[in-house]
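All values below come from the heavy atoms of this structure, side chains included, with hydrogens, waters and symmetry mates left out.
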Amino acid sequence: MIEFKVTGDHIPLIQLLKATNLVQTGGEAQIVVTEGEVMYNGKVDYRKRLKVRKGDTVEFAGETIRII
């Protein structure tokens with residue numbers, strides 16, 4: 001499990017995937033989101049501009065990211 005501390009109110013999902021090094025580029029992050037490969041709080045989510053906040057969990061590529 002990856003614990004990611006968000007500064008401010010939220011972080012966009014695309015930026016979160018890049019910041020945790022699960023994808024290399026923003027373009028790659030957009031592709032995996034639109035193809036339904038990312039789960040947000042236990043459900044597949046297709047929103048590229050999703051605002052991830054403290055207490056949320058994101059799952060991708062066998063990794064779970066918990067936002068603290």
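- Between the Q15 side chain and the I11 main chain, no donor and acceptor come within less than 3.5 Å of each other.
- Interatomic distance, CD1 of I68 versus NZ of K5, reported as 6.0 Å (0.5 Å rounding).
- Of the inter-residue distances, the one linking F4 atom CZ with L17 atom CG reads 10.5 Å to the nearest 0.5 angstrom.
- Of all heavy-atom pairs spanning L22 and F60, the tightest one is O-CE2, 3.7 Å.
- Side chain of D45 to backbone of M39: no donor-acceptor contact under 3.5 angstrom is found.
- Open room surrounds CZ on R66; 12 or fewer heavy atoms of other groups in view lie less than 6.0 Å from it.
- Between atom NE2 of residue H10 and atom CG of residue L50 there is a gap of 9.5 Å, rounded to the nearest 0.5 Å.
- Interatomic distance, CG of L13 versus NZ of K48, reported as 11.5 Å (0.5 Å rounding).
- When all heavy atoms of E35 and Y46 are compared, the closest pair comes out as C-CE2, 4.3 Å.
- Interatomic distance, N41 CG to E59 CD, rounded to the nearest 0.5 Å: 9.0 Å.
- Linking ILVMFWY side-chain heavy atoms closer than 4.5 Å, directly or via other members, places I14 and I2 in a single hydrophobic cluster.
- Residue I65 holds its CD1 atom at 12.0 Å from CD of E3, rounded to the nearest 0.5 Å.
- Nearest heavy-atom pair across K54 and V6 is CG-CG1, 3.6 Å.
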